[in-house]
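This is a predicted model, so every value here is computed, not measured. Chain A is the first sequence line, chain B the second, and so forth, proteins listed ahead of strands; every chain is numbered from 1.
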Amino acid sequence: MPELPEVEVVRRGLDTWVRGRTVCDVEVRHPRSIRRHEAGAADFAGRIVGRTFTGASRRGKYLWLRLGEPDECPEQELAALVGHLGMSGQLLVESSDAPDEPHLRVRFRFEDEGPELRFVDQRTFGGLAVADMVDDGAGGQVPWPVAHIARDPLDPLFDDAAFVRRVRATDAGIKRVLLDQTVVSGIGNIYADEALWRARIHGERPASRLSTAGVRDLLDHARAVMAAALAEGGTSFDALYVNVNGQSGYFDRRLAAYGQEGLPCPRCGRPIRRSAFMNRSSYFCGTCQRAPRGRPAPER
DNA sequence: CATAGATCCTGTATGC
DNA sequence: TGCATACAGGATCTAT
């Protein structure tokens with residue numbers, strides 16, 4: 001479940017259901033799902049078996065389970081199991097009696113013989129790896145594959161002013177900048193379109209041509225829409241996007257633009273339009289969100 | 001350097 | 001029914 005609210009729903013579920021539990025077995029059923037763990041499946045399993053998950057953390061769309069060090073100081077966390085759900089990844093906590101999912105990729109069993117943790121991923125764009133922790137430059141630590149990811153707008157340490165400066169320093173279209181996880185993390189195609197609709201900004205407007213107040217307003221809307229989605233358990237159109245217990249969120253009922261092609265704009269009533277963007281789609285109101293001059297959005 | 005495009009996968013929906 | 005095409009919520013690598 002790809003964007004920030006959905007990943008946060010999963011993080012909370014992991015923190016509730018696997019924190020404090022010790023892994024006794026790791027079964028890698030598809031090598032592609034651990035391709036970021038370059039040392040391979042045996043090393044991956046060897047670095048987790050016998051360890052205790054001491055908590056679940058998240059930055060943007062990445063999440064990780066911190067691994068305690070049983071042999072030395074139990075409080076020490078030198079590594080973590082890092083995950084990214086990609087387009088179709090799920091982390092499910094369920095009984096060992098439950099039949100294997102068709103796209104079950106990695107299974108974790110626990111010493112307590114309670115419910116197991118499964119990584120299920122249809123398209124295998126997601127993946128897991130064990131990675132050492134590095135300093136994040138603000139007194140904290142993150143696994144090294146996450147070090148290049150910016151903080152997300154719901155992070156208390158997110159720097160609004162620095163974000164505004166960075167956005168206004170680039171000439172790319174504002175939607176592309178919103179999706180750049182090194183600028184701001186957690187925003188994907190749904191919440192980019194929703195935030196732009198709320199802020200009445202067309203995604204192809206060059207970021208450098210937005211005012212400081214305009215960028216701040218857009219950031220506020222991104223924050224608000226993701227917080228609202230989180231409060232409803234995230235957005236899901238189908239069974240692919242579920243929490244660790246297999247349940248879907250309800251925010252799809254609140255979407256104003258994304259996926260609403262042809263339906264009336266909730267603000268002005270004109271039909272929501274769709275245009276091609278980065279091998280997928282952008283949804284927007286052609287009336288509320290004026291296209292930049294000289295660059296009409298191609299209908300498809 | 002910054003930016004745009006192609007690519008990795010599998011499944012579902014739609015149209016001929 | 002069969003087959004082809006378009007599309008799906010992402011990140012990363014490559015080319016320009």
So if I take every side-chain heavy atom of A:Phe125 and compare against B:dC9, B:dT3, C:dG9, which nucleotide ends up nearest?
B:dC9
Taking the minimum atom-to-atom distance to the side chain of A:Ser281, which one of C:dG10, C:dA8, C:dG9 wins?
C:dA8
Side chain of A:His103 (C-beta onward), nearest among C:dC7, B:dG11, C:dG9:
B:dG11
Reckon A:Gln181 has a side-chain N or O less than 4.0 Å from the OP1 or OP2 of C:dA11?
yes
How many Å lie between CZ on A:Arg166 and C1' on B:dT3, as a whole number?
13 Å
Check whether any side-chain N or O of A:Thr170 sits under 4.0 Å from OP1 or OP2 of B:dT3, and answer yes or no.
yes
Interatomic distance, A:Asp180 CG vs C:dA11 C1' [rounded to whole Å]:
11 Å
Picking from C:dG9, C:dT12, B:dT10, which would you name as closest to the side chain of A:Tyr258?
C:dG9
ILVMFWY network linking A:Val9 to A:Tyr62, side-chain heavy atoms under 4.5 angstrom:
no
The side-chain contact (heavy atoms from CB on, under 4.5 Å) partner of A:Arg66 among A:Thr54, A:Leu78, A:Thr52 is A:Thr54
With C1' as the reference atom in both, quote the distance from B:dT12 to C:dA11 in angstrom, rounded to an integer.
23 Å
May I have the distance from A:Phe251 (atom CZ) to C:dG9 (atom C1'), rounded to whole angstrom?
14 Å
On the nucleotide C:dG9, are OP1 or OP2 found under 4.0 Å from the side-chain N or O atoms that A:Arg280 carries?
yes
What's A:Arg36 touching, base or sugar-phosphate or nothing? Going by heavy atoms closer than 4.0 Å.
sugar-phosphate
Taking the same atom, P, in C:dA6 and in B:dA6, what whole-Å distance lies between them?
14 Å
Protein-nucleotide distance (A:Arg123, atom CZ; C:dC7, atom C1'), rounded to Å:
9 Å
Checking A:Arg267 against A:Trp197: charged group under 6.0 Å from the ring centre and within 45 degrees of the axis?
yes
Can you check the A:Ile149 CD1 to C:dA11 C1' distance for me, whole Å?
8 Å
Using a 4.0 Å cut-off on heavy atoms, which residues in residues 188-198 of chain A reach DNA chain C? List them by number, or say none.
A:Gly188, A:Asn189, A:Ile190
Selected nucleotide, minimal atom distance to A:Thr124 side chain, candidates B:dC9, B:dT3, C:dA11
B:dC9
Sticking with atom P, work out how far C:dG9 lies from B:dA13, rounded to a whole angstrom.
16 Å
Is the cationic atom of A:Arg105 (NZ for Lys, CZ for Arg) positioned less than 6.0 Å from the six-membered ring centroid of A:Phe119 and within 45 degrees of its normal?
no
Taking the nucleotide of DNA chain C with the closest heavy atom to each, which residue, A:Tyr62 or A:Ser236, is nearer the 5' end?
A:Ser236
Whole-Å gap separating P (B:dT3) and CG (A:Asn279)
19 Å
Between A:Met278 and A:Ala169, the residue closer to the 5' end of DNA chain B by nearest nucleotide is A:Ala169
I'd like to know whether A:Arg107 forms a salt bridge (Lys or Arg N to Asp or Glu O under 4.0 Å) with A:Asp25, so could you lay out the CA-CA distance, the side-chain angles of the two residues, the decisive distance to 0.1 Å, and finally the verdict.
CA-CA 8 Å; A:Arg107 183 203 318 271; A:Asp25 184 60; over 6 Å; no
Give a yes/no on whether any side-chain N or O of A:Arg32 is located under 4.0 angstrom from OP1 or OP2 of B:dC8.
no
Taking the inter-plane angle between the rings of A:Phe163 and A:Phe158 on a 0 to 90° scale, is it parallel (under 30°), tilted (30 to 60°) or perpendicular (over 60°)?
tilted
A:Glu101 CD - B:dG11 P separation (whole Å):
14 Å
Side-chain donor-acceptor pair under 3.5 Å between A:Asp171 and A:Ser208, yes or no?
yes
Residue-phosphate contact under 4.0 Å: A:His84 side-chain N/O, C:dG10 OP1/OP2
no
Now, which nucleotide makes the Watson-Crick or G-U wobble pair with C:dG9, with each of the two distances under 3.5 Å?
none
Describe the nucleic acid contact of A:His30 in one word from base, sugar-phosphate, nothing, applying a heavy-atom distance below 4.0 Å.
nothing
Is A:Arg223 salt-bridged to A:Asp160, going by a charged N under 4.0 Å from an acidic O?
yes
Without decimals, in angstroms, what is the distance between A:Leu104 CG and B:dT10 P?
15 Å
Could you label the plane-to-plane angle of the A:Tyr258 and A:Tyr283 rings as parallel, tilted or perpendicular, counting under 30° as parallel and over 60° as perpendicular?
perpendicular
